[in-house]
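Only a predicted model underlies this, so the values are computations on that prediction, with no experimental measurement involved. First the proteins, then the strands, lettered A, B, ... as listed; each starts at 1.
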Amino acid sequence: MLDQRLLRDNPELISQQLGRRGLVLDLSDLQAIARRERDLEEQRSALQAEGNRIGKEVGQRIQGGASASGPEVQELREQGNRIKHEVAALEEQEKALEQQLRQQLLALPNLPSPLTPDGRDEADNVVVREWGDPRREPGLQEHWEIADRLGLIDTERSTRIAQSRFVTLLGQGARLERALISFMLDLHGTKGYLEVLPPVLVNTASLTGSGQLPKFAEESFRCADDDLWLTPTAEVPLTSLHRDEVIPADQLPIRYAAYSPCFRREAGSYGRDTRGLIRLHQFNKVELYWFCRPEESEAAHEQLTRDAEAVLEALELPYRRLELCSGDLGFSAARTYDLEVWLAGAGTYREISSCSTCSDFQARRAAIRMKEGKGTQLLHTLNGSGLAIGRTMAALLENGQQADGSVRLPAVLAPYLGHDRLLPPA
RNA sequence: GGAGAGGUGGCCGAGUGGUCGAAGGCGCAGCACUGGAAAUGCUGUAUAGGGGCAACUCUAUCGAGGGUUCGAAUCCCUCCCUCUCCGCCA
């Protein structure tokens with residue numbers, strides 16, 4: 001959420017910055033609402049002060065011996081009553097405005113960072129760096145073909161169990177998935193991340209705090225009988241881990257690495273990536289998350305991204321880092337690096353991680369502050385995949401495929417699997 | 001799901017209609033005392049929003065929302081949450 005004070009004082013700045021995202025907004029009405037709300041608050045609190053004064057005087061007079069039903073006390077009571085009603089009327093208006101304001105503010109995305117390059121859409125994203133040596137031989141298989149051939153996944157039967165866009169992992173496939181989760185959590189653990197296994201059913205407040213609601217309700221699965229949703233990413237529970245808290249500044253930065261299954265409706269992507277492990281309603285992910293001081297967030301963003309890249313490098317997967325342009329930023333992000341892994345079979349790079357700094361946007365929504373000396377201030381939050389497990393497996397299969405039909409796996413996984421090669425079933 | 005108990009400041013804990021943002025204690029910070037420390041003493045120590053250059057000041061907040069009242073932490077209603085016991089259960 002954006003700062004109401006900024007809205008009151010400088011709505012042009014907001015429109016201009018959101019303009020970089022491609023939004024055309026006239027915020028003068030919203031500004032008027034914000035100002036009117038503040039004026040009402042002023043009026044109301046002055047009236048309340050008067051009411052408090054009268055209440056005290058009544059008490060003093062009665063205790064001083066005046067009759068509770070005497071004329072002067074009676075007069076004060078009537079005054080008090082009148083004020084009470086006026087206050088109630090003002091409060092009603094104020095609440096209505098407040099609600100309107102909040103509702104509209106919650107629907108506005110974050111301001112892009114000054115460091116975010118301008119651009120319309122993904123075509124304007126900037127390749128920042130490339131790592132590794134992509135295989136480009138002809139005749140390489142795509143991951144679902146390999147997975148199918150090696151008996152790692154069963155897509156068809158998953159439809160029977162659930163729907164399309166679900167996958168069941170079998171045998172070596174299930175083991176590899178589990179190994180990747182463990183490997184990533186272990187790796188991040190050595191870098192100071194605290195491992196977290198959060199609830200994957202989250203309430204509305206949690207989804208609102210991290211920015212998925214109210215705008216993107218159609219992207220999440222909801223439980224009909226409860227105020228609970230299936231989380232689309234561990235970013236949601238991790239943000240709310242500290243919702244409504246004031247954190248002593250000397251405890252920052254706080255860093256978490258969480259494994260969770262993630263659930264997404266993938267509305268509007270019919271027909272895209274229908275095969276394999278790329279786009280599923282349920283997938284596994286290890287998520288990295290930072291809470292830090294505002295002045296640290298830029299460096300934190302680089303570090304978090306490096307920590308995600310370290311996974312790809314350890315797994316010997318070629319990748320490139322993109323900096324998203326202003327028009328391609330996610331709702332809560334001020335600045336984002338996407339990591340794209342090379343898929344040798346498909347012959348393309350595919351997103352495998354998205355590392356964002358959200359400035360104080362989520363912190364304001366979720367009321368997460370830090371305390372240093374006296375007074376509190378909003379902190380900054382950052383998140384990034386480290387990494388999406390299914391896409392990692394896809395990359396390992398495509399990049400590691402061998403002429404003999406086996407798949408060579410990176411050495412770092414051997415301790416988890418007991419071998420470094422997937423062989424076709426005998 | 002059934003029965004009961006309870007939700008007060010960073011923590012513990014008083015407070016059943018009147019000047020209570022809230023006694024007392026602990027913790028924390030500053031000062032004094034000390035060679036230094038402990039102990040002791042004094043002072044201070046919530047959050048949000050508004051006004052003010054500032055000192056400061058106004059309003060709200062005792063789980064949440066509504067009600068009674070001139071006035072509510074205290075009374076009434078609804079809801080949420082926590083704990084204990086029973087049932088069920090991985």
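- Judged by Watson-Crick or G-U wobble contacts below 3.5 Å, the nucleotide rA46(B) has rU61(B) as its partner.
- Under the Watson-Crick or G-U wobble criterion, with both distances below 3.5 Å, rC70(B) is paired with rG18(B).
- When the C1' atom of rC20(B) is taken as reference, atom CD of Gln60(A) falls 14 Å away, rounded to whole Å.
- When Watson-Crick and G-U wobble pairs are counted only if both distances are under 3.5 Å, rA39(B) pairs with no nucleotide at all.
- Straight-line distance from the CG atom of Leu47(A) to the C1' atom of rA60(B): 15 Å, rounded to whole Å.
- Rounded to whole Å, atom P of rU47(B) lies 17 Å from atom CD1 of Ile368(A).
- Rounded to whole Å, atom P of rC81(B) lies 13 Å from atom CZ of Arg243(A).
- Asp39(A) and Gln43(A) share no donor-acceptor pair across their side chains, judged by distance under 3.5 Å alone.
- Arg44(A) and Gln48(A) share a donor-acceptor pair across their side chains, judged by distance under 3.5 Å alone.
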Which pairs, protein N/O on one side and nucleotides 48-50 of chain B N/O on the other, fall under 3.5 Å?
unit_1, atom_1, unit_2, atom_2, d
rA48(B), OP1, Arg369(A), NH1, 3.1
rA48(B), OP1, Thr376(A), OG1, 2.4
rG49(B), O2', Glu41(A), OE1, 2.8
rG49(B), O2', Glu41(A), OE2, 2.5
rG50(B), OP1, Arg8(A), NH2, 2.3

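- Between Thr357(A) and His301(A), the side chains place no donor N or O within less than 3.5 Å of an acceptor N or O (distance only, hydrogens not considered).
- Pair assignment for rA90(B): none, as no Watson-Crick or G-U wobble contacts are both less than 3.5 Å.
- By the 6.0 Å contact criterion, CZ on Arg421(A) is enclosed, its count of non-hydrogen atoms from other residues, nucleotides or ligands being greater than 12.
- Taking all atoms of both residues into account, the shortest heavy-atom contact from Arg265(A) to Ser220(A) is CD-O, 3.2 Å.
- Exactly one residue among Thr233(A), Thr305(A), Asp338(A) makes a side chain to side chain donor-acceptor pair (under 3.5 Å) with Ser354(A). That residue is Asp338(A).
- rG10(B): Watson-Crick or G-U partner is rC26(B), with both key distances under 3.5 Å.
- Remark: the backbone N or O of Glu398(A) is paired with a side-chain donor or acceptor of Gln401(A) at under 3.5 angstrom.
- Leu2(A) pairs with exactly one of Leu7(A), Asn110(A), Leu27(A) by the side-chain contact (heavy atoms from CB on, under 4.5 Å) rule, that one being Asn110(A).
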Return all side-chain donor-acceptor pairs below 3.5 angstrom for residues 176-187 of chain A, not counting sequence neighbours, or 'none' if the list is empty.
unit_1, atom_1, unit_2, atom_2, d
Glu177(A), OE2, Asn284(A), ND2, 2.7
Ser182(A), OG, Arg178(A), O, 3.3
Asp186(A), OD2, Tyr416(A), OH, 2.5

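- With sequence neighbours left out, Phe291(A) forms a ring-ring contact (aromatic ring centres under 6.0 Å, His included) with His242(A), Tyr289(A).
- Closest approach of Glu245(A) and Leu241(A) over heavy atoms only: OE2-O, 3.4 Å.
- A close approach under 4.0 Å does not occur between any side-chain nitrogen or oxygen of Asn52(A) and OP1 or OP2 of rU19(B).
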Check the interface with nucleotides 6-12 of chain B: list each N/O to N/O pair with the protein under 3.5 Å, or write none.
none

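- There is a side-chain donor-acceptor pair under 3.5 Å between Thr168(A) and Ser158(A).
- Figure legend. rU82(B) is base-paired to rA5(B); pairs are counted as Watson-Crick or G-U wobble with both atom distances under 3.5 Å.
- A side-chain donor-acceptor contact under 3.5 Å links Glu313(A) and Tyr319(A).
- Using a 4.0 Å cutoff on non-hydrogen atoms, no part of residues 200-209 of chain A comes near RNA chain B.
- Between the side chains of Gln362(A) and Arg365(A), no donor N or O sits under 3.5 Å from an acceptor N or O.
- Distance noted for atom C1' between rC11(B) and rU19(B): 29 Å (whole Å).
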- request: Would you give a per-nucleotide map of nucleotides 62-80 of chain B, 5' to 3', where B means the base has a protein non-hydrogen atom under 4.0 Å away, S means only the sugar-phosphate does, and - means neither?
  value: ----S--BBS---------
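- Residue contacts shown for Gln48(A) are limited to sugar-phosphate atoms, with no base heavy atom under 4.0 Å away.
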